[in-house]
Protein chains: 2
Amino acid sequence: MAVAEQVTAGVAWERTLRAVSRLLRVFDRELQDDVDLPLTWYDVLVQLYSAPDVRLRMQTLSDSLVLTRSGATRLVDRIEKAGLVRREPAAEDRRGYYAILTADGQRLMERAQKAHGAGIERHFGKHLDPDEQKTLFAIMSKLLAGNQNIPG
Amino acid sequence: MAVAEQVTAGVAWERTLRAVSRLLRVFDRELQDDVDLPLTWYDVLVQLYSAPDVRLRMQTLSDSLVLTRSGATRLVDRIEKAGLVRREPAAEDRRGYYAILTADGQRLMERAQKAHGAGIERHFGKHLDPDEQKTLFAIMSKLLAGNQNIPG
DNA sequence: TTGCATTATTTGCAGGTACAATTATTGCAA
DNA sequence: TTGCAATAATTGTACCTGCAAATAATGCAA
């Protein structure tokens, strides 16, 4: 047993969890204050905004979100009710639907992106130099790749 | 604009969020399968287990959890109902309460720790060499320190 | 010592989320 | 071409969470 505290996997994971949770809460509140948008809504809107034709199949969408399929369904329900997104049946597979960003959604998105981008810089980017950001990206990519084929 | 994709703060944060979310879901399911314990319960039990006298003030507990105060109250309610934790008023400040691990709680904790530790190694530690774990720990510590004084 | 701002914790309430079952459609295989 | 397992998405249900208000106790200041 060394004198200096050893960084075990458990300790590293725990600290990661804490830091990420705190950031999530900060981002959520700030986004809500700035453009009256929950972070979960924002996540949906960004995905669509950066997709070809500002549209995505429900499945693709939920895969890239931090949610299950059913969670994505309800979330899109709410956003659709607010007029930021609309649904359209998929021509090529009638089981599927597209979620599509509306004009209102795009406008809001542009404001939100500015606000959230600034928040990320303020609470995340500012504290890490470019090397650290690159390293973090690499580490998280490894973890994601190593846990790919898991449902949810 | 460089040819190689640049790792901006936003991209690094997004990847972090995805990876952590996936790990959380994996850990939660595995723990549930192995010892029939939700990850949130586990979080409470570990904190108490590693505290002096296996007890912690509600406030201290919720501070170290990924939850608000009120969330911690309800969570401890449920765990208490299951007999793994009990509450005791704080002698030194009658506004406060201690959450205390019961004997049952300690027994379960020992099993759970083994299972979850293995899971962390399998899905997290295994994919990162010791240097990366140390770096990650350092990065997350910076982020946590930089976002200290924020309520929630 | 009385009054009041502050702190610790809990509750009412209004969503948000996951799991499992359901509906609709696809496409392969006999 | 009929039957059936697989797939896309949704819905029923039960639980979990956060916010803000309520309750209770503290301790400082006039």
When every nucleotide of nucleotides 20-27 of chain D is labelled 5' to 3' by its protein contacts under 4.0 Å (heavy atoms), B for base, S for sugar-phosphate only, - for none, what sequence of letters results? B---BBS-
Measuring to OP1 and OP2 of C/dT22, would you say a side-chain N or O of A/R69 lies under 4.0 angstrom away? no
Going by an N to O cut-off under 4.0 Å, is there a salt bridge joining B/K134 and B/D131? no
Do the numbers put A/R55 on top of the ring of A/Y98, so that NZ or CZ is under 6.0 Å from the six-membered ring centre and no more than 45° off the axis? yes
Between A/D77 (CG) and D/dA9 (P), how many Å, whole number? 13 Å
Of residues 51-58 of chain B, the positions that come close to DNA chain D - non-hydrogen atoms, cut-off under 4.0 Å: none
Nearest whole angstrom, please: distance from the P of C/dT17 to the CG of B/L24. 15 Å
Starting at the 5' end of DNA chain D, which residue's closest nucleotide do you reach first, A/A72 or B/T40? A/A72
d(CG, A/L61; C1', D/dT10) in whole Å: 15 Å
What parts of residues 42-50 of chain B reach DNA chain D, counting only heavy atoms under 4.0 Å away? none
Would you mind reading off the distance between B/L67 atom CG and C/dT10 atom P, rounded to a whole angstrom? 13 Å
Is it true that B/K114 and B/E110 have a side-chain N and a carboxylate O under 4.0 angstrom from each other? no
Rounded to whole Å, please give me the gap between CG in B/L39 and C1' in D/dC16. 14 Å
Check whether any side-chain nitrogen or oxygen of A/R87 sits under 4.0 Å from OP1 or OP2 of D/dA9, and answer yes or no. no
Would you mind reading off the distance between A/I79 atom CD1 and C/dG15 atom C1', rounded to a whole angstrom? 14 Å
Does either side chain, that of A/R69 or that of A/S62, offer a donor lying less than 3.5 Å from an acceptor on the other one? yes
